[in-house]
Amino acid sequence: MTKIFMLLCLLLLVASGFVNGSIKKDKNHFDDIKLFELKKGDLTLKVTNWGATLVSLILPDKNGKLGDIVLGYDTPTAYTNDTSYFGATVGRVANRIGGAQFTLNGIHYKLIANEGNNTLHGGTKGFSDVLWKVEKYVRGGDRPLIKFSYHSFDGEEGFPGDLKVTVSYILGKNSLTILMQANTLNKPTPVNLVNHAYWNLGNHNSGNILDEVVQIFGSKFTPIDNNLIPTGKFSSVKGTPYDFLKPQIVGTRINQLPKTNGYDINYVLNKGKLGNKNELKVAAIVFDKKSGRVMKLRTNAPGLQFYTANFVKNDKGKDRFVYQPRSALCLESQAFPDSVNHPNFPSTIVTKEKPYKHVILLKFSTKVPRAFSQF
């Protein structure tokens, strides 16, 4: 009887390592973590099914020399110990939820707090820390793509409802599209998915990004309190270090932000020409003078988190290069942080009638926009 009981316990422990496609950080299961490559023209993309993570993007500079512009690690399994969310798909709700709690339809939900009293990037085991299923994989051809899926169960990290999530990476001509979709299978639930790539257009191992030039198409931002939670108000960027309405060198005013040791703020993106919430409007443009690379980001999301890797420190990355603070830019198109606790923010609640769709379009070139020609 004792042996049978021990066997049952063992089976339960093994089963608990595989929940809805997720796995524990167990070296015995590392064989399930794979690296996938997409290639089109001069672009080569690598992703892993751990966290549906963007591992690298290789493309030419102005001299035709290839380089990797995404911070990360040499092996897919290294991402299981990542604490910076390098390249990860972040959810169920990215960014912060104040007090690790919210109320929806009269029901109070208590979440897993993993940053003081707050929930950050989905909790202690968010979408960046699970194994995703590969639904479709086309390595080359006219439309290289890979599609990942994940089933988030009701109550995972405290969030209500079963949720089916898919993330697709699609290569085009000098472009990368990231398509994030989610459907609730029963209960209404908040959803805010983010791609957390760390970009350095000079190459992942080229040092800091203080000389890169950035333009952000957001006239307002959401100010934060001492816990980095939005106050619920909106402020104009004019007269502040957050003003990137015209192209600015990142390092010019970064030291005016001691609270966050650099940029870490959500912008309220300006409406597009059509004023349609599903319109892919220009959110940001980045230019690296040394490499000549230009990246333009379009999205249908209402917000953009601009983060300058302020808290990355002594992180051993690809090719044994050690990443330090301000070694990259994160441009995370998103819903506003803590939206579930601010009725005046755009809603993040997904229902059966209102599924979630987030589109990110990144275009790359070495053709410098006119507004950047002075740099």
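In this text the structure is predicted, and so the values were computed from the model without any measurement.
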Is the number of heavy atoms from other residues, nucleotides or ligands within 6.0 Å of CG (Asp142) greater than 12?
-> no
Is any side-chain heavy atom of Ser219 less than 4.5 Å from a side-chain heavy atom of Leu245?
-> yes
Check: Phe336 ring centre within less than 6.0 Å of His342 ring centre = no
Just wondering, more than 12 heavy atoms not from Asn117 lying within 6.0 Å of its CG?
-> no
Heavy atoms from other residues, nucleotides or ligands near NZ of Lys147 exceed 12 (cutoff 6.0 Å) = no
For the side chain of Asn63 and the backbone of Lys65, is there at least one donor-acceptor N/O pair under 3.5 Å apart?
-> no
Are any side-chain N or O atoms of Asn174 and backbone N or O atoms of Phe364, one a donor and one an acceptor, separated by less than 3.5 Å?
-> no
Applying side-chain contact (heavy atoms from CB on, under 4.5 Å), run through Gln215 and Phe244 and close with a yes or a no.
-> CA-CA 5 Å; Gln215 185 175 17; Phe244 284 88; 5.6 Å; no
Are Lys187 and Asp154 close enough that some pair of their side-chain heavy atoms sits under 4.5 Å apart?
-> yes
With a cut-off of 6.0 Å (strictly less than), are more than 12 heavy atoms of other residues, nucleotides or ligands near NZ of Lys296?
-> no
Are Arg293 and Asn200 close enough that a side-chain donor and a side-chain acceptor fall under 3.5 Å?
-> no
Set of ring-ring contact (aromatic ring centres under 6.0 Å, His included) partners for Phe311, sequence neighbours left out = none
Minimum-distance pair of heavy atoms, taken over all atoms of Pro160 and Thr189 | O-OG1, 2.9 Å
Would you verify whether the NZ or CZ of Arg326 falls within 45 degrees of the ring axis of Tyr263 while also being under 6.0 Å from that six-membered ring's centre?
-> no
Measuring from Leu43:CG to Ile58:CD1, what's the distance to the nearest 0.5 Å?
-> 10.0 Å
Check whether the side chains of Glu279 and Asn300 place a donor and an acceptor atom closer than 3.5 Å, and report yes or no.
-> no
Is the side chain of Asn114 donor-acceptor paired with the backbone N or O of Gly123 at a distance under 3.5 Å, no angle test?
-> yes
Enclosure of Lys40 NZ (heavy-atom neighbours >12, cutoff 6.0 Å) | yes
Flag for Thr124-Glu157: side-chain donor and acceptor within less than 3.5 Å | yes
Distance-only donor-acceptor check, side chains Gln248 and Thr252, under 3.5 Å | no
Result of checking Thr222, Asp264, Val194 against Gln305 for side-chain contact (heavy atoms from CB on, under 4.5 Å) = Asp264
Are a donor atom and an acceptor atom from the side chains of Asn266 and Gln334 found within less than 3.5 Å of each other?
-> yes
Would you say the side-chain atoms of Asp338 pair up with the backbone N or O of Gly98, donor to acceptor, closer than 3.5 Å?
-> yes
Donor-acceptor pair between Ser128 and His196 side chains, under 3.5 angstrom = no
What's the verdict on side-chain contact (heavy atoms from CB on, under 4.5 Å) for Leu269 and Lys281, showing C-alpha distance, side-chain angles and the deciding distance?
-> CA-CA 9 Å; Leu269 294 176; Lys281 54 192 175 291; 3.9 Å; yes
Determine the interplanar angle of the Tyr198 and Tyr307 rings, folded into 0 to 90°, and report it as parallel if under 30°, tilted if 30 to 60°, perpendicular if over 60°.
-> perpendicular
Roughly how far apart are Asp211 CG and Ile209 CD1, rounded to 0.5 Å?
-> 9.0 Å
Take the angle between the ring planes of Phe345 and Phe234 and call it parallel below 30°, perpendicular above 60°, tilted in between.
-> tilted
Can Asp82 and Tyr73 be counted as having a side-chain donor-acceptor contact under 3.5 angstrom?
-> yes
Evaluate the side-chain contact (heavy atoms from CB on, under 4.5 Å) criterion for residues Phe159 and Ser152: first the C-alpha distance (whole Å), next the side-chain angles of each, then the deciding distance (0.1 Å), finally the verdict.
-> CA-CA 9 Å; Phe159 290 100; Ser152 178; over 6 Å; no
Could you check if a side-chain atom of Leu179 sits within less than 4.5 angstrom of a side-chain atom of Tyr169, using non-hydrogen atoms only?
-> no
Stepwise, does the side-chain contact (heavy atoms from CB on, under 4.5 Å) test hold for Leu185 with His151?
-> CA-CA 10 Å; Leu185 305 181; His151 178 190; 4.1 Å; yes
Crowded around Lys238 NZ? As in, over 12 foreign heavy atoms under 6.0 Å?
-> no
Residue among Leu171, Val359, Ile360 satisfying side-chain contact (heavy atoms from CB on, under 4.5 Å) with Thr177 = Val359
Quick one: do the Asn95 and His121 side chains pair a donor with an acceptor below 3.5 Å?
-> no
Here the gap from Ser365 atom OG to Lys173 atom NZ, rounded to the nearest 0.5 Å, amounts to 12.0 Å
Within a strict 4.5 Å, meaning less than it, do heavy atoms of the Val70 and Trp199 side chains meet?
-> yes
Measuring from Leu35:CG to Ser56:OG, what's the distance to the nearest 0.5 Å?
-> 7.0 Å
Going by side-chain heavy atoms closer than 4.5 Å, which hydrophobic residues are tied to Val213, directly or by a chain of links?
-> Phe217, Ile249, Val282, Ile285, Phe287, Val294, Val368, Phe372, Phe375
Ignoring hydrogens and geometry, is there a side-chain-to-backbone donor-acceptor pair from Lys318 to Val55 under 3.5 Å?
-> yes
Look at the side-chain heavy atoms of Ile, Leu, Val, Met, Phe, Trp and Tyr, link any pair under 4.5 Å apart, and say whether Leu120 and Leu111 land in one connected group.
-> no
Is it the case that Thr240 and Asp243 place a side-chain donor and acceptor less than 3.5 Å from each other?
-> no
Answer yes or no: does atom NZ of Lys110 have more than 12 heavy-atom neighbours from other residues, nucleotides or ligands under 6.0 Å?
-> yes
Whether Phe86 and Tyr323 hold their rings parallel, tilted or perpendicular, with breakpoints at 30° and 60° | perpendicular
For residues Tyr267 and Phe221, establish whether the separation of their ring centroids is below 6.0 Å.
-> no
Side-chain heavy atoms under 4.5 angstrom apart, residues restricted to Ile, Leu, Val, Met, Phe, Trp, Tyr: same cluster for Leu57 and Leu201?
-> yes
Side chain to side chain, Val138 and Pro144, heavy atoms closer than 4.5 Å = no
Hey, does Leu331 have a side-chain heavy atom less than 4.5 Å from the side chain of Phe306?
-> yes
Are Ile97 and Ile112 co-members of a hydrophobic cluster defined by side-chain heavy atoms under 4.5 Å apart?
-> no
Approximate separation, where rounding is to 0.5 Å, of Arg253 CZ and Asn255 CG = 12.0 Å
Do the ring centers of Trp50 and Tyr79 come within less than 6.0 Å of each other?
-> no
Report whether Val47 and Ile170 are members of the same hydrophobic cluster (ILVMFWY, side-chain heavy atoms less than 4.5 Å apart, transitive linking).
-> no
Lys363 and Ser175: CA distance, side-chain angles, deciding distance, side-chain hydrogen bond (donor to acceptor under 3.5 Å, both in side chains) verdict | CA-CA 4 Å; Lys363 289 195 172 182; Ser175 71; over 6 Å; no
Can you find a heavy atom in the side chain of Val93 that is under 4.5 Å from one in the side chain of Val191?
-> no
Close side-chain approach of Arg96 and Pro230, heavy atoms under 4.5 Å | no
How far does CG of Asp319 sit from CG of Asn205, to the nearest 0.5 angstrom?
-> 6.5 Å
Please check if Ile146 and Leu193 belong to a single hydrophobic cluster, counting links between Ile, Leu, Val, Met, Phe, Trp and Tyr side chain heavy atoms closer than 4.5 Å.
-> yes
